[in-house]
Amino acid sequence: MSASAPQPIYLNDYRPPAYRVTHTELKFDLVSSATRVIARLHLERHPERQEGELPLVLDGEQLRLLHIAIDGQALEDDEYDVNESHLTVYRVPSTFVLDTEVEVDPEANTALEGLYLSNGMFCTQCEAEGFRRITFYPDRPDVMATFSTTVIGDKGSLPVLLSNGNPVEQGDLPNGKHFVTWDDPHPKPCYLFALVAGDLQKVEDHFTTMSGRDVTLQLWVEEENLSKTDHAMASLKRAMKWDEETYGREYDLDRFMIVAVNDFNMGAMENKGLNIFNSAAVLTHPQTATDATFQRVEGIVAHEYFHNWSGNRVTCRDWFQLSLKEGFTVFRDQCFSADTNSAPVKRIEDVSFFRTAQFAEDAGPTAHPVQPDHYIEIGNFYTLTIYEKGAEIVRMLRNLLGWEAFRQGSDLYFQRYDGQAVTIEDFVECMAEVSGLDLGQFMRWYFQAGTPEIDAIGEYDYAKGEYRLTLRQRTPPTPDQHEKLPLHIPVRMGLVGTKSGKDLSMTLEGESLGTDAVIHLRDEEQEFVFTDIAEAPVPSLLRGFSAPVKLRFPYGREDLAFLLQHDSDGFNRWDSGQRLALLALDDLIAAHRNGVEKVMDSRVTEAFRGLLTTDTDDKAVLAEMLTLPSEAYIAEQQPVVDVDAIHAARTFVKQALALALRDEFMAVYRANQSDAPYVPEPRQIAQRSLKNVALSYLMAIEDEEAVELARNQFEDGHNMTDVRTALTLLTHSSRGDIADPALKAFGEKWAHDPLVMDQWFSIQVTRPQSDALERVKFLMDHPAFSLTNPNKVRALIGAFAGQNRVNFHRADGEGYRLLADVVIELNKLNPEIAARIITPLTRWQRFDESRQALMKAELERIRAEELSSNVYEVIEKALA
Ligand code: PHE
Ligand code: ZN
């Protein structure tokens, strides 16, 4: 907490550190409320900072300094100064050794940054600036040192003592203690430091690298979770292999460890050789985790592993470069998951999520560029823009260069910058160098916030056999960036002949482009004239979502139904279905608002009938095609969001489709039931998702037979995917309390399993019925709930505020009040989580005046508190 307003930090102010650390020796004596940290730093003056005398300024927060010496000489009181954020030593030699001893209190650490306790186990989280809560240090990523770490702890309660690198020494100590010393030979920034100590069990496996080295793989968990580790281990081995085959990247230590902890702010952390995972992002079992969780775990395990190169060996110069490691690594994990599962479905899922959540961020008060130029609290910048939009930019680079050249650029980047801390510009420069492309204009993607909008129109000239496509781009202003420049936007496209239903050959300015090509929009407006077009086409634009933009084209509903059937691009086939549904939903939203009778668009019904009755071998894609746009995505399209009308319209469409196609849905449900033992492999997952989509339609009309199916599916208890779907459909049903027995049974059966209880909470608080808010309050008193566990906060409060749109936005403002109350509590306990969970309140501009006033009033109420820098920054932006 700070009394004076926190100040922004600017990218332009970057300077290399005055002193760098070449080697770091740490010794931890672990005690719950009073851990001693003894640090010996080998420091030297930075070659680029030779101007005059410079004091040594180290970061340090919440540390009690017990001892300080330079080159073995204890310092006098007037030789240094300590305040709540820094240690300053006024005069130091150009090369020296600094010894400090501090005391920290892991038990009191509810922020979960630095060294803390989770279920009696010690663990650390240092990214971005947590290391300064462990010891005095230049806590910035461009200071890279080798580490030697000795961990001392009670042998009985802390039998396992882990840190980065390789164990080099261990032994017993007096008073029932023992120690292990770890050496990490790879220079690393302190944000990649990790320590874990606790009563843990391991599963072990091996991987032989491409050069034949044996790597020991260990997954450390609490004993009761040993049965939940298979999938993560298998995923890790697949990821290691994939990174060798795809990027030529080999692992570089003798062991790779993953630890699961219950209390963790994020998904997982790529600490060198010792990844620490939120247990929700690593543990799976067919009975406790859904297909989606299995896939998420695989993706996150891969993501953290891939960081070993994209992030650790080559790291970020400063935190403005965060997307250098995150954008690239997300792109890498997306490609890995696409290769391992269904590639089209992976793309559909990623884009659906992106267009809903990242577009909303980019249009809201916290919009920022992928390379921001200032921030107040870096903890607030682990955003969809840095991660997902950053990944889209890397994807565009891959597409612009083609895979071969992109891979050469990647090789050059890893080779040139190995062991260094670099910038986004350095990365893109490698891509420019190997390809000879001019990426100057392209760089604007990193500097400009906001989602570019493309307005497209097309005209076919029968007489000339020409198709003229005009594209006009515009990026709306965002906070602090009013003027935008045109971007270089790759638009992948085809022209689908209306007679043949086939992609037509395209010729542009005399050059033959084939049937599927990328055109480059660079100007504000550009006209593309395709010649020798023998039949009238419907354009298929932005195939595969080739750029992270909003593209408008005045498609008629027949055009969309046509593309849905004929587009050769699977992604755009799906997207045409979404666009068609959105047009129908628009009419129904208007009808709801005007109080007129709702009428279903028969074109949507017929399109669905077609989907349900045509044989397909890609059930995963079919399940996606049958899924209506989410309420959040529909809301994105509306000028003023009317949550009730959106909910009513979407519910109406589901019911209308279910009524018209009941037999078809029933047939699909039955055809995809299976007793086969659960395996999280693509074919089974596809089958389950198709079956469960069918069940969700059948439950939309809630007849006896559907309820019976859901009940049976729940009681069969075959796997969590099926059980959770059934329980959710029963719980979200409007038929009174039909779910109560199932909810009760489920809650009792899984009371001992926090990850399953998270699901139990979420299912209940996302229910559309009007008692949801009361349920949230009721469940906050449940013994399994805790405000200090981020997973619980997300499962209960996050799910309610983020997914239960009709109830969070209740007209009486009670939903807003509840969220603000939680933010005020969490601001004191865990500022990072507090700042994240506010998000839905910051989107007030999107709603009607009365809701705007209620939301702003709650933001003002939060603002009146003594705020952490995290919450302060978000609130100030939201109310600016
Ligand atoms: N760097 C982590 C990742 O991308 C995320 C993270 C950030 C975790 C900050 C903890 C704290 O995988
Ligand atoms: Zn990451």
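Basis for what follows: all heavy atoms, side chains included, without hydrogens, waters or symmetry-related copies. Remember, it's 1-based here, ligands and their atoms both numbered in the order they're listed. A quick note: this is a predicted structure, and the numbers were derived from the prediction, not measured.
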Next on the checklist: Looking at R347 and E392, is any side-chain nitrogen of the basic one under 4.0 Å from a carboxylate oxygen of the acidic one?
Outcome noted: yes

Requested in this report: Using modelled atom types only, decide if a donor and an acceptor are shared between the side chain of N265 and the backbone of A111 within a distance under 3.5 Å.
Outcome: yes

The single option from Y413, F414, W403 that satisfies ring-ring contact (aromatic ring centres under 6.0 Å, His included) with Y247 is W403

Q) Is the shortest distance from a Lys or Arg side-chain nitrogen in D252 or K272 to a carboxylate oxygen in the other one below 4.0 Å? A) yes

Quiz prompt | Residues I797, L819; criterion side chain to side chain contact (heavy atoms under 4.5 Å, CB included); working and verdict | solution = CA-CA 7 Å; I797 314 298; L819 181 58; 3.7 Å; yes

The atom name of the N, O or S atom in H307 nearest to the Zn ion (ligand 2) is NE2

Taking E873 first and then K877, would you say they form a salt bridge - that is, a charged N and a carboxylate O separated by under 4.0 Å?
yes

To the Zn ion (ligand 2), the closest N, O or S atom belonging to E326 is OE1

Exercise. Looking at the rings of F336 and F306, which for Trp means the six-membered one, are their centres under 6.0 Å apart?
Worked result: yes

Distance filter under 4.0 Å, heavy atoms only, around ligand 1 gives Q125, E127, M266, A268, M269, E270, H303, E304, H307, K325, E326, Y382, Y387

